[in-house]
Amino acid sequence: MSRFSAAILGCAGARLTEDERRFFARANPFGFILFSRNCETAEQVRALTAELRDAVGRGAPIFIDQEGGRVQRLRPPLATEWRPPLDDATDAGDRAAEALALRYAIIAAELRALGIDGNCAPALDVARAETHPFLRNRLLGTDPDTVARLGRAVAEAHLAGGVLPVIKHIPGHGRGTADSHLHLPRTDADRDALDSDFAPFAALSDLPLGMTAHMVFEAYDAQAATVSSTMIGLIRDRIGFGGLLMTDDISMQALQGGVASRGRAALDAGCDAVLHCNGDADEMRAVIDAAGPMTDAGQARAEAALAARRPAPPVDIAALRAKLDALLPASVP
């Protein structure tokens, strides 16, 4: 398998331009990510995912953020409208694992029908009273054991449906009181307290893909985890995560400097791939130039992630919906 560039890239619109097609062919990013700007109709999304794969000449993974609530890039009529994950998890009570497995089985089927085979979910951050509203109701629970148990159900539903899950935001974003799209969150919690944040990620450390947190853990380092070799080392050695580690979106304003320097700093710290989402052509070129090819270890983890991708099974979405409605009638507005 040819060496991938250490990047996952977006694109500008609903179809590839010739310039994008030529650039992606040269750059050979590990994969791609779609946003609402890229998704208009089912036929168009299927054509776009085919164009992206054709550009690199292989079955590149194509990711999206389809959590539910305010973070879902596909909405009706392209896909089901969902409540925030924490709302469904809370209302389902003792049957939350079953309900979330059904919910994300439906999501996986809808994604695969459009040619999308990666979802940036589940978020394994622990919801706390202080968690910033941009994140809190996107989570699965308020204690590490619940988050780990429900996160496993969500991840397995994705895998069974032929979609690669991406656990996030390693090593844990729940204590963040700032929106990392705009500011750099930090926590002064001590190391013993942080163990509870790390626990869900340790419990799911066998999964193939993970995404870092743009957050400072002062007990360990003054830098954001994404660009901290100390924190990436903790993710690998203490948490035990062995999968491909991508950054959160490198264009988020939590990090300082330009996207190229941010991306290079993340790779130097030990991340495997830089995630760049906004589709800006000049920024993507800068990211690719700074990133270069994956390391040997990164390439091996990338190939292992692709090997975990299963064929999409036949799915009766209506039957899954009926089962989910019996558990949680309010789950689909």
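Heavy-atom basis, side chains included; hydrogens, waters and symmetry copies ignored.
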Query raised in the report: Between T131 and G174, is there a donor-acceptor pair closer than 3.5 Å when you use the side chain of the first and the backbone of the second?
Result: yes

Report task. Measure the spacing between CE of M231 and CE of M215 and express it to the nearest 0.5 Å. Result -> 9.5 Å

Query raised in the report: Distance from M211 atom CE to C271 atom SG, nearest 0.5 Å?
Result: 11.0 Å

Query - C39 side chain near L78 side chain, heavy-atom distance below 4.5 Å - result: yes

**Report entry** Shortest non-hydrogen separation from N119 to I64 and the atoms involved
**Finding:** OD1-O, 3.0 Å

Query raised in the report: Would you say the side chain of I170 lies within less than 4.5 Å of the side chain of L245, judging by non-hydrogen atoms?
Result: yes

Report summary line: In terms of heavy-atom contacts, A260 and A286 come closest through CB-O, 3.7 Å

Query raised in the report: Using 4.0 Å as the upper bound for N to carboxylate O, is an ion pair formed by R285 and D289?
Result: no

Query raised in the report: Is any NZ, NE, NH1 or NH2 atom of the basic residue among K168 and D248 found under 4.0 Å from an Asp or Glu carboxylate oxygen of the other?
Result: no

Report task. Mind listing the closest non-hydrogen atom pair of A108 and G161 along with its distance? Result -> CB-CA, 4.1 Å

Query raised in the report: Between Y104 and A153, is there a donor-acceptor pair closer than 3.5 Å when you use the side chain of the first and the backbone of the second?
Result: no

Query raised in the report: Under a 4.5 Å cut-off applied to non-hydrogen side-chain atoms, are F198 and V126 in contact?
Result: no

Query raised in the report: Should I107 and L86 be counted in the same cluster of Ile, Leu, Val, Met, Phe, Trp and Tyr side chains packed under 4.5 Å apart?
Result: no

Report task. Please answer whether the main-chain N or O of T177 pairs with a side-chain N or O of E130 as donor and acceptor at a distance below 3.5 Å. Result -> no

Requested in this report: With sequence neighbours excluded, tell me which residues meet side-chain contact (heavy atoms from CB on, under 4.5 Å) with D143.
Outcome: D145, T146

**Report entry** Donor-acceptor contact present, side-chain E67 to main-chain P122, <3.5 Å
**Finding:** no

Report task. Check the pair R175 / L194 against side-chain contact (heavy atoms from CB on, under 4.5 Å), numbers first and verdict last. Result -> CA-CA 9 Å; R175 295 179 193 270; L194 289 173; 3.9 Å; yes

**Report entry** Short side-chain donor-acceptor distance under 3.5 Å, D249 and S251
**Finding:** yes

Query raised in the report: Which pairs pass side chain to side chain donor-acceptor pair (under 3.5 Å) with one or both residues in residues 31-47, sequence neighbours excluded?
Result: none

Query raised in the report: Just wondering, are more than 12 heavy atoms of other shown residues or ligands nearer than 6.0 Å to CD in Q256?
Result: no

Requested in this report: Could you state whether F134 and V216 fall into the same hydrophobic cluster, counting links through intermediate Ile, Leu, Val, Met, Phe, Trp or Tyr residues with side-chain heavy atoms under 4.5 angstrom apart?
Outcome: no

Query raised in the report: For D280, does its backbone N or O pair with a side-chain atom of E283 as donor and acceptor, under 3.5 Å?
Result: no

Requested in this report: Hey, could you give me the CZ/CG distance between R95 and L102, rounded to the nearest 0.5 Å?
Outcome: 9.5 Å

Report task. Search all heavy atoms of A269 against all heavy atoms of I232 and return the closest pair with its distance. Result -> O-CB, 3.4 Å

Query raised in the report: Given the rule in the side-chain contact (heavy atoms from CB on, under 4.5 Å) test, do R58 and N28 qualify, once you have shown the distances and angles that lead to the verdict?
Result: CA-CA 10 Å; R58 57 183 167 82; N28 193 31; 2.9 Å; yes

Requested in this report: Check whether F241 and I8 end up in the same hydrophobic cluster, where Ile, Leu, Val, Met, Phe, Trp and Tyr are linked by side-chain heavy atoms less than 4.5 Å apart.
Outcome: yes

Query raised in the report: Mind checking whether F63 and V71 sit in one hydrophobic cluster, side chains of I, L, V, M, F, W, Y counted as touching below 4.5 Å?
Result: no

Query - L255 reachable from M252 in the ILVMFWY side-chain graph, under 4.5 Å edges - result: no

Query raised in the report: Going by the ring-ring contact (aromatic ring centres under 6.0 Å, His included) test, which pairs reach into residues 284-303, not counting sequence neighbours?
Result: none

Query raised in the report: Going through the distances and angles, do D117 and R309 end up as a salt bridge (Lys or Arg N to Asp or Glu O under 4.0 Å)?
Result: CA-CA 8 Å; D117 57 6; R309 190 170 47 177; 2.8 Å; yes

Query - Pairs touching residues 221-240 that satisfy side chain to side chain donor-acceptor pair (under 3.5 Å), sequence neighbours left out - result: D195-R238, T212-T226, H214-T226, Y220-R238, D221-S228, R236-D272

Query raised in the report: So do I239 and L234 actually touch side chain to side chain, heavy atoms under 4.5 Å?
Result: yes

Query raised in the report: Can R136 and T142 be said to form a side-chain contact (heavy atoms from CB on, under 4.5 Å), step by step?
Result: CA-CA 9 Å; R136 194 178 192 281; T142 57; 3.9 Å; yes

Query - Carboxylate-amine/guanidinium proximity below 4.0 Å for R83 and D91 - result: yes

Query raised in the report: Would R128 and D197 pass as an ion pair if we require N to O under 4.0 Å?
Result: yes

Report summary line: For residues 9-37, the ring-ring contact (aromatic ring centres under 6.0 Å, His included) pairs (sequence neighbours left out) are F4-F30, F24-F32

Query raised in the report: Any side-chain heavy atom of V287 within less than 4.5 Å of one from R262?
Result: no

Query raised in the report: Is any side-chain heavy atom of L135 closer than 4.5 Å to a side-chain heavy atom of D125?
Result: yes

Query raised in the report: Any donor-acceptor pair under 3.5 Å linking the side chain of R53 with the backbone of G115?
Result: yes

**Report entry** Flag, side chain of T90 to backbone of D87, donor-acceptor distance under 3.5 Å
**Finding:** no

Query raised in the report: Stepwise, does the side-chain contact (heavy atoms from CB on, under 4.5 Å) test hold for C120 with I33?
Result: CA-CA 10 Å; C120 297; I33 188 165; 4.2 Å; yes

Report task. To the nearest 0.5 angstrom, please state how far the CG atom of L34 sits from the CG atom of L74. Result -> 8.0 Å

Query - Minimum-distance pair of heavy atoms, taken over all atoms of A148 and A203 - result: CB-CB, 3.8 Å

Query raised in the report: Is there a side-chain contact between R321 and T80, using heavy atoms and a 4.5 Å cut-off?
Result: yes

Query raised in the report: Taking side chain as C-beta onward, heavy atoms only, is R138 less than 4.5 Å from P84?
Result: no

Query raised in the report: Any idea which heavy atoms bring V166 and G210 closest together, and the distance?
Result: CG1-C, 3.8 Å

Query raised in the report: How many angstroms lie between atom CG of L111 and atom OG1 of T49, to the nearest 0.5 angstrom?
Result: 11.0 Å

Requested in this report: Using the side chain to side chain donor-acceptor pair (under 3.5 Å) rule, take Q72 and D65 through it: C-alpha gap first, then chi angles, then the decisive distance, then the call.
Outcome: CA-CA 6 Å; Q72 50 183 3; D65 292 288; over 6 Å; no

Query raised in the report: Which pairs count as side chain to side chain donor-acceptor pair (under 3.5 Å) when at least one residue sits in residues 2-12, sequence neighbours excluded?
Result: R3-D296

Query raised in the report: What is the distance from atom CD of E218 to atom CG of D188, rounded to the nearest 0.5 Å?
Result: 5.5 Å

Query - Flag, side chain of R264 to backbone of A290, donor-acceptor distance under 3.5 Å - result: yes

Requested in this report: Report yes or no: do Q66 and E110 form a side-chain donor-acceptor pair below 3.5 Å?
Outcome: no

